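To keep things clear, I will list the structure first and then write my remarks on it.
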Amino acid sequence: MGLFRKLDSANELATGMAVRLGVDLESGFETGPVQAAYQFRDMVMRCSTCTHHEECRRLQAHTIELDFPPAYCRNRDRFERG
């Protein structure tokens with residue numbers, strides 16, 4: 001998979017996980033909009049290095065709402081603070 005496709009996939013998965021967990025990525029960060037953009041970029045980068053993309057994609061395809069992120073989620077700590 002090419003770099004841009006992988007980052008696009010990670011962006012979709014991180015955003016989808018936030019939606020399912022009820023985390024508002026736009027106002028959920030404690031800093032201003034520029035810092036929020038950097039923090040979201042960091043989340044996408046962490047997600048892009050995950051080896052569970054297919055498992056996460058299946059989970060999101062069959063789940064509307066989650067109470068907590070899966071154990072394998074590299075952004076688990078961020079989502080739990082969200």
Side-chain angles (χ1 to χ4, degrees):
M1 178 183 292
L3 174 63
F4 292 113
R5 282 183 45 196
K6 188 170 193 170
L7 290 173
D8 187 46
S9 175
N11 178 52
E12 289 177 16
L13 292 172
T15 302
M17 188 63 69
V19 167
R20 283 156 184 80
L21 292 165
V23 174
D24 182 356
L25 293 175
E26 291 186 26
S27 64
F29 294 106
E30 298 172 2
T31 57
V34 172
Q35 281 300 97
Y38 285 124
Q39 290 172 332
F40 180 68
R41 180 208 57 201
D42 290 344
M43 290 177 70
V44 171
M45 294 303 290
R46 277 193 300 277
C47 183
S48 74
T49 63
C50 182
T51 59
H52 297 275
H53 276 205
E54 288 308 312
E55 187 175 351
C56 189
R57 194 173 314 288
R58 282 191 301 275
L59 173 68
Q60 291 187 33
H62 299 289
T63 308
I64 295 172
E65 187 176 310
L66 292 168
D67 293 327
F68 50 87
Y72 57 77
C73 183
R74 295 210 172 166
N75 287 304
R76 185 179 179 96
D77 64 328
R78 172 62 190 105
F79 287 132
E80 288 176 341
R81 284 184 279 143

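Owing to the predicted nature of the structure, the values given are computational and were not obtained by experimental measurement.
Considering all non-hydrogen atoms of both residues, P69 and F79 come closest at CG-CB, 4.1 Å. Contact record, Q60 with L13: NE2-O, 3.0 Å, taken as the closest heavy-atom pair.
A donor-acceptor pair under 3.5 Å is formed between the side chain of T49 and the backbone N or O of R46. A donor-acceptor contact shorter than 3.5 Å is absent between the side chain of S9 and the backbone of R5. Listed for the E80 side chain is no donor-acceptor partner under 3.5 Å among the backbone atoms of F68. R20 contributes a side-chain N or O that, together with a main-chain N or O of G16, makes up a donor-acceptor pair within less than 3.5 Å. Within the 3.5 Å criterion, the main-chain N or O of C47 finds a donor-acceptor partner in the side chain of H53.
Other residues, nucleotides and ligands contribute over 12 non-hydrogen atoms within 6.0 Å of the OH atom of Y72.
To the nearest 0.5 Å, atom CE of residue M45 and atom CG of residue N11 are 12.0 Å apart. Within the model, atoms CZ of R76 and CG of L21 stand 9.5 Å from one another, a figure rounded to the nearest 0.5 Å. Atom CZ of R74 and atom SG of C56 lie 12.0 Å apart (nearest 0.5 Å).
Tracing side-chain contacts under 4.5 Å through hydrophobic residues (I, L, V, M, F, W, Y), one never reaches F4 starting from V44; they form parts of separate clusters.
With respect to M17, the side-chain contact (heavy atoms from CB on, under 4.5 Å) criterion is satisfied by exactly one of N75, T63, L59: L59.
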